[in-house]
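Data first, discussion second: the structure below is written as structure tokens.
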Amino acid sequence: EKIFRSIDIIMKKKINYEFRTTIHKSLLSEIDIIEISKSIAGANAFYIQKFVFSENVPDKMLRLKLDYTDEEIERILTKVKRNVPNSFVR
């Protein structure tokens, strides 16, 4: 897929880069997030960003849907770090 080609190009360049993924429980499962980390294994850095609702978000129902707790995010981060040691929550 094109995304994997783009990841490969970025990771092979001798530039400073980071990957970021904004997460919400109704959009990405824990398994999805871990699979993303596997696809960028060995990356310089990976940031998991907690979804923040704003009025510009098309799906207004996301405000009402259950999201990841801080504890769940920390548990996921521990698993993600197995693939990308420089992983953080932003």
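Numbering starts at 1 and runs along the sequence shown.
- Between Ile73 and Thr69, the closest side-chain pair of non-hydrogen atoms is not below 4.5 Å.
- Separating the OG atom in Ser37 from the CD1 atom in Ile48 is a distance of 8.0 Å, to the nearest 0.5 Å.
- Looking only at distances, no side-chain donor or acceptor of Asn44 sits under 3.5 Å from a matching main-chain atom of Glu18.
- Residue Asp67 comes nearest to Glu72 through the heavy atom pair O-OE1, 4.0 Å, listed as atom of the first residue, atom of the second, then distance.
- Within the 4.5 Å cutoff, the side chain of Glu35 has heavy atoms near those of the Ile31 side chain.
- In this structure, Lys25 fails the cation-pi test against Phe51, since its NZ or CZ atom is not both closer than 6.0 Å to the six-membered ring centre and inside 45 degrees of the ring normal.
- Hydrophobic cluster membership differs between Phe88 and Val84, with clusters built from Ile, Leu, Val, Met, Phe, Trp and Tyr side chains linked at under 4.5 angstrom.
- The same ILVMFWY cluster, assembled from side-chain heavy atoms under 4.5 Å apart, contains both Ile7 and Tyr17.
- Here the OG1-CD1 distance, from Thr21 to Ile40, works out to 6.5 Å after rounding to the nearest 0.5 Å.
- In this structure, the side chain of Asp8 does not engage the main chain of Arg5 through any donor-acceptor pair within 3.5 Å.
- Atom-to-atom distance recorded for Glu30:CD and Tyr68:OH is 6.5 Å, nearest 0.5 angstrom.
- How far CG of Leu77 is from CZ of Phe46: 9.0 Å, rounded to the nearest 0.5 Å.
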Decide yes or no on side-chain contact (heavy atoms from CB on, under 4.5 Å) for Ile23 and Ile33, but give the supporting numbers first.
-> CA-CA 8 Å; Ile23 62 170; Ile33 299 164; 3.6 Å; yes
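- The CG atom of Asp70 sits 12.5 Å away from atom CZ of Arg75, with the distance rounded to the nearest 0.5 Å.
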Going through the distances and angles, do Glu74 and Val89 end up as a side-chain contact (heavy atoms from CB on, under 4.5 Å)?
-> CA-CA 8 Å; Glu74 287 301 320; Val89 175; 4.0 Å; yes
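- Closest approach of Leu28 to Thr22, counting heavy atoms only: CD1-O, 3.7 Å.
- Taking the ring axis of Tyr47 as reference, the NZ or CZ atom of Arg90 stays within 45° of it and closer than 6.0 Å to the ring centre.
- Considering CZ of Phe19 and OG of Ser39, their distance stands at 8.0 Å, rounded to 0.5 Å.
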